[in-house]
**Q** 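Got a structure here, written out as structure tokens. Questions coming.
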Protein chains: 4
Amino acid sequence: MQARKRTAAEGMEAGEEKTRSTKYEAILRAAAKVFAQSGYFNAKVSEVARAAGVADGTVYLYFKNKDDLLTSIFSWAMGQFLQRARTELGETEDSSEKLRRFSVLHFSQLEQERDIAIVFQIELRQSTKFMEQFSTTYLAEYLQILREIIEEGQEKGHFRKELNSKVVAKVLLGPWTRWPRTGY
Amino acid sequence: MQARKRTAAEGMEAGEEKTRSTKYEAILRAAAKVFAQSGYFNAKVSEVARAAGVADGTVYLYFKNKDDLLTSIFSWAMGQFLQRARTELGETEDSSEKLRRFSVLHFSQLEQERDIAIVFQIELRQSTKFMEQFSTTYLAEYLQILREIIEEGQEKGHFRKELNSKVVAKVLLGPWTRWPRTGY
Amino acid sequence: MQARKRTAAEGMEAGEEKTRSTKYEAILRAAAKVFAQSGYFNAKVSEVARAAGVADGTVYLYFKNKDDLLTSIFSWAMGQFLQRARTELGETEDSSEKLRRFSVLHFSQLEQERDIAIVFQIELRQSTKFMEQFSTTYLAEYLQILREIIEEGQEKGHFRKELNSKVVAKVLLGPWTRWPRTGY
Amino acid sequence: MQARKRTAAEGMEAGEEKTRSTKYEAILRAAAKVFAQSGYFNAKVSEVARAAGVADGTVYLYFKNKDDLLTSIFSWAMGQFLQRARTELGETEDSSEKLRRFSVLHFSQLEQERDIAIVFQIELRQSTKFMEQFSTTYLAEYLQILREIIEEGQEKGHFRKELNSKVVAKVLLGPWTRWPRTGY
DNA sequence: TATGAATGAGGGTTCATTCAT
DNA sequence: TATGAATGAACCCTCATTCAT
């Protein structure tokens with residue numbers, strides 16, 4: 001789904017995969033901004049392009065289509081979150097601290113990326129298609145990390161046995177947890 | 001904006017006033033169904049018409065435009081709910097019973113009208129415009145009824161003083177409570 | 001073209017062909033009024049019906065379609081004019097008086113029937129189709145009457161020989177004389 | 001509202017600036033042709049596009065809507081006429097010559113641009129809206145030029161004092177002079 | 001890579017016309 | 001004759017996507 005043609009990736013050097021392609025990111029952020037403002041369906045690709053400071057056609061060099069733009073926002077945001085989470089969690093052995101850091105990171109991300117948070121909350125539920133695709137990949141990993149923290153903490157006796165990772169997830173993910181099918 | 005004429009109700013037999021759909025209602029339900037399935041923006045008016053078993057143009061005899069179709073779903077559902085609520089609440093003097101009935105009615109409505117419930121949850125937050133219009137009319141009345149029940153019960157000593165009607169509303173309305181401005 | 005279904009003409013008695021069918025005339029006048037106001041293309045048949053105080057469907061009992069409505073306005077107006085002209089001209093032998101009466105009748109008709117006059121001037125030239133049909137029938141007769149008056153007057157020595165019926169026609173019919181093809 | 005970009009004029013060769021149509025002009029001429037043939041209301045935008053050899057959507061890159069297409073025909077034609085008139089009038093000092101040139105230009109324009117002339121005559125009076133907009137801008141300037149020529153000629157003693165610029169205007173503009181408000 | 005003019009499929013909406021009553 | 005609800009063909013316009021430069 002990612003679909004960002006890398007035809008020009010020849011210049012890409014090792015170790016800079018994440019930081020490169022500022023235009024990719026610029027378009028993504030512009031899309032988030034515009035989608036947050038007008039809603040996905042009302043938003044025009046040309047608006048996104050203008051907000052990103054590129055030509056309309058350029059959007060299609062980095063994204064397959066409008067849909068991909070939306071999908072990529074989620075993937076990108078979740079990817080960033082998960083990467084940071086893994087990094088931060090590796091810095092401590094204490095389960096409580098891990099849970100705390102995970103939570104803080106979760107909310108600070110949402111705060112820092114207002115547009116993305118809005119798009120998450122509003123647009124994600126639009127389409128079951130999106131949700132299903134999303135929940136089987138990034139969301140699954142999100143939950144997995146959480147589960148690991150909690151189970152580890154329970155084994156070490158830091159958390160009560162009754163603590164349920166699903167409940168914790170609900171507290172964190174909040175309202176947009178109620179997508180169809182996954183149902184927890 | 002509402003239904004205009006009822007002359008076509010000629011075939012209406014005694015005892016089926018409730019189940020027999022007027023054309024207005026038929027189109028409304030069809031719209032809810034189609035919107036629930038495809039989402040408002042992906043849905044085509046012609047699909048709604050087909051689902052309602054009428055010609056495309058007929059939709060516009062009963063609704064101003066596609067937007068009005070969505071708005072009317074909410075108004076109609078809330079109107080029905082509020083009417084039934086007032087009726088049922090009038091049948092008892094007991095505050096606890098009132099609260100119970102109100103809650104049961106709330107959830108049974110959502111259950112019986114799956115499509116509308118889905119559209120409510122998914123599409124309503126789309127547009128701030130919708131939400132604002134909606135929250136100042138029907139939602140306001142919904143909250144008002146709830147507040148009256150609770151205050152009455154508190155005066156009679158049936159409910160604890162700390163019981164907060166806003167919290168009760170949140171329990172009932174759940175996730176889609178986060179409309180702009182009202183904010184609680 | 002006339003096309004006014006006479007299915008209900010059984011009740012029509014001899015001698016009242018012209019005065020009967022007040023509804024036909026009512027619709028015709030309403031059409032002239034609405035067309036004059038909004039222009040033929042912007043006018044809606046339902047507007048005409050409302051202005052005439054009848055139901056939409058009723059219009060189609062008297063006229064084949066919207067086009068026929070426009071055509072009939074001209075036919076009817078010209079028919080009335082020509083009939084009156086013949087009547088009035090028969091009342092005198094004097095050519096000058098005939099010409100005077102013809103002219104007075106011409107302008108007083110236009111004055112009395114403002115709406116029709118406007119429709120004449122504005123809508124008639126719309127369509128070559130209209131014009132051709134019109135100019136070969138009613139207009140031809142109009143010109144014929146005028147020519148007869150003038151030639152008769154010239155024979156009697158009341159008008160100068162150089163007097164040209166075409167010029168006279170132009171003075172009377174004015175600007176809307178320049179339709180394609182007839183060219184005089 | 002006018003043409004936006006000219007980057008597509010790449011194929012433009014020297015010496016054909018006048019005859020080579022920009023896309024804006026091509027669409028305008030196509031519109032005039034189609035409108036002249038079918039009348040504004042019967043004409044379809046897709047016909048105009050086809051006649052201009054562009055896609056339907058392209059029309060909307062150069063014109064706001066179908067209405068704008070009609071308006072622009074007038075503005076463009078009058079703009080061209082006025083520009084040429086000013087140029088030609090600047091080449092002579094003789095008032096009679098000026099008046100002659102103005103008249104010749106007037107009629108030769110109408111002759112060369114048959115379609116536009118027809119649209120002028122037929123469609124312009126359709127809408128009071130059009131006429132008012134038109135008569136307060138381009139037409140006003142047209143009359144102004146004429147007035148200046150005549151007054152100048154009268155001062156120099158080349159024209160009789162009784163010569164009335166309004167009468168001259170009527171002779172040139174002919175039947176379509178009867179717009180609302182200006183009234184002469 | 002980048003551009004943005006051009007494309008054209010698609011859909012909301014209107015309204016002349018029909019037809020069952 | 002009269003009604004007016006219902007029909008559905010037709011058309012304007014938008015905008016995601018392409019492609020020549």
Side-chain angles (χ1 to χ4, degrees), chain A residues 5-11 21 23 41-50 53-69, chain B residues 3-10 23 41-49 53-67 69, chain C residues 5-11 21 23 41-50 53-69, chain D residues 3-10 23 41-49 53-67 69:
Chain A
K5 297 178 198 138
R6 277 283 160 83
T7 47
E10 2 56 29
S21 199
K23 204 158 273 187
F41 283 101
N42 292 316
K44 295 166 205 161
V45 172
S46 61
E47 276 184 81
V48 173
R50 186 156 36 76
V54 300
D56 291 18
T58 306
V59 172
Y60 290 86
L61 294 178
Y62 293 89
F63 301 91
K64 210 172 60 193
N65 50 33
K66 194 186 175 188
D67 243 55
D68 185 36
L69 220 35
Chain B
R4 297 208 303 208
K5 291 291 155 47
R6 290 284 157 92
T7 48
E10 48 354 267
K23 204 152 275 187
F41 284 101
N42 291 317
K44 295 168 213 153
V45 172
S46 60
E47 275 184 81
V48 173
V54 300
D56 290 19
T58 305
V59 172
Y60 292 87
L61 294 178
Y62 293 90
F63 301 92
K64 216 172 54 187
N65 50 34
K66 195 185 173 189
D67 241 57
L69 220 34
Chain C
K5 297 178 197 138
R6 276 282 159 84
T7 47
E10 3 58 27
S21 200
K23 203 159 273 186
F41 283 102
N42 291 317
K44 294 166 204 160
V45 172
S46 62
E47 276 184 81
V48 172
R50 187 155 36 75
V54 300
D56 291 18
T58 305
V59 172
Y60 290 86
L61 295 177
Y62 294 88
F63 302 90
K64 210 172 61 192
N65 51 33
K66 194 185 175 188
D67 243 55
D68 185 35
L69 220 35
Chain D
R4 297 208 304 206
K5 292 290 154 51
R6 291 283 156 92
T7 47
E10 47 355 268
K23 205 152 276 188
F41 284 102
N42 291 316
K44 294 167 215 156
V45 172
S46 61
E47 276 184 81
V48 173
V54 301
D56 290 19
T58 305
V59 172
Y60 292 88
L61 294 177
Y62 294 90
F63 301 91
K64 215 172 54 185
N65 50 34
K66 195 186 172 188
D67 242 59
L69 220 34

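We name chains A, B, ... by the order of the sequence lines, and we start the count at 1 in each one. For clarity, every value in this text was computed on a predicted model and none was experimentally measured.
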**Q** With respect to the side chain of B/Y62, which nucleotide from F/dA6, E/dT17, F/dT17 is positioned closest?
**A** F/dA6

**Q** Provide, to the nearest angstrom, the distance between the NZ atom belonging to D/K64 and the C1' atom belonging to F/dT14.
**A**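 It works out to 16 Å between those atoms.
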
**Q** Counting side-chain heavy atoms from CB outward, which of E/dG4, E/dT17, F/dA16 is closest to C/N65?
**A** E/dT17

**Q** Can you tell me the distance, in whole Å, between the CG atom of A/N42 and the C1' atom of F/dA16?
**A** 15 Å

**Q** Could you summarise the pairing of DNA chain E as dot-bracket text, marking Watson-Crick and G-U pairs under 3.5 Å with ( ) or [ ] inside the strand and | across strands?
**A** .||||||||||||||||||||

**Q** Find which nucleotide of DNA chain F each of A/V45 and C/G53 is nearest to by heavy atoms, and output the residue with the more 5' nucleotide.
**A**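 Mapping each residue to its closest nucleotide by heavy atoms, the 5'-most match is C/G53.
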
**Q** Considering every strand and a 4.0 Å limit on heavy-atom distances, what is the contact class for C/V54: base, sugar-phosphate, or nothing?
**A** sugar-phosphate

**Q** Starting at OH of B/Y60, measure out to NZ of B/K66 and round the result to the nearest 0.5 Å.
**A**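 One finds 8.5 Å between OH of B/Y60 and NZ of B/K66.
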
**Q** For side chain to side chain contact (heavy atoms under 4.5 Å, CB included), just list the numbers for B/V45 and B/D56, CA-CA rounded to whole Å, side-chain angles, deciding distance to a tenth of an Å, and then say yes or no.
**A** CA-CA 7 Å; B/V45 172; B/D56 290 19; 5.6 Å; no

**Q** Roughly how far apart are A/D68 CG and A/Y62 OH, rounded to 0.5 Å?
**A**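 Here the interatomic distance stands at 14.0 Å.
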
**Q** Can you tell me the distance, in whole Å, between the CD atom of D/E47 and the P atom of F/dC11?
**A**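 It is 8 Å, rounded to the nearest whole Å.
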
**Q** Could you check B/S46 against A/G57 and say which one's nearest nucleotide on DNA chain E is further toward the 5' end?
**A**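 Mapping each residue to its closest nucleotide by heavy atoms, the 5'-most match is A/G57.
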
**Q** Which part of the nucleic acid does B/A43 contact within heavy-atom distance under 4.0 Å: base, sugar-phosphate only, or nothing?
**A**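 It contacts sugar-phosphate atoms only.
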
**Q** Give the rounded distance in Å between these two atoms: CZ of C/F41 and C1' of E/dA16.
**A**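 So the CZ-C1' distance, C/F41 to E/dA16, works out to 13 Å.
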
**Q** Considering heavy-atom distances to DNA chain E, does C/D56 or D/T58 have its closest nucleotide positioned more toward the 5' end?
**A**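 Here D/T58 is the residue nearer the 5' end.
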
**Q** Compare the minimum distances between each of E/dT3, E/dA16, F/dA5 and the side chain of C/K44, then state the nucleotide with the smallest one.
**A** E/dA16

**Q** Determine whether a donor-acceptor pair (N or O, by modelled atom type, separation under 3.5 Å) exists between the side chain of C/K23 and the backbone of C/T58.
**A** no

**Q** I'd like to know if the side chain of C/K64 reaches the main chain of C/L69, judged simply by a donor and an acceptor atom lying under 3.5 Å from each other, with no hydrogens or angles considered.
**A** no

**Q** What is the separation between atom NZ on D/K66 and atom C1' on F/dT14, rounded to the nearest whole Å?
**A** 18 Å

**Q** Please confirm whether the shortest side-chain N or O distance from A/K23 to OP1 or OP2 of E/dA2 is below 4.0 Å.
**A**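 Looking at the OP1 and OP2 atoms of E/dA2, one of them is under 4.0 Å from a side-chain N or O of A/K23.
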
**Q** Atom CZ of C/R50 to atom P of F/dG4: distance rounded to whole Å?
**A** 13 Å

**Q** Whole angstrom is fine here: how far is it from CG in C/L61 over to C1' in E/dC19?
**A**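 From C/L61 CG to E/dC19 C1': 11 Å.
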
**Q** Could you work out which one of E/dT18, F/dG8, E/dA5 sits closest to the side chain of C/Y60?
**A**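 Output: E/dT18.
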
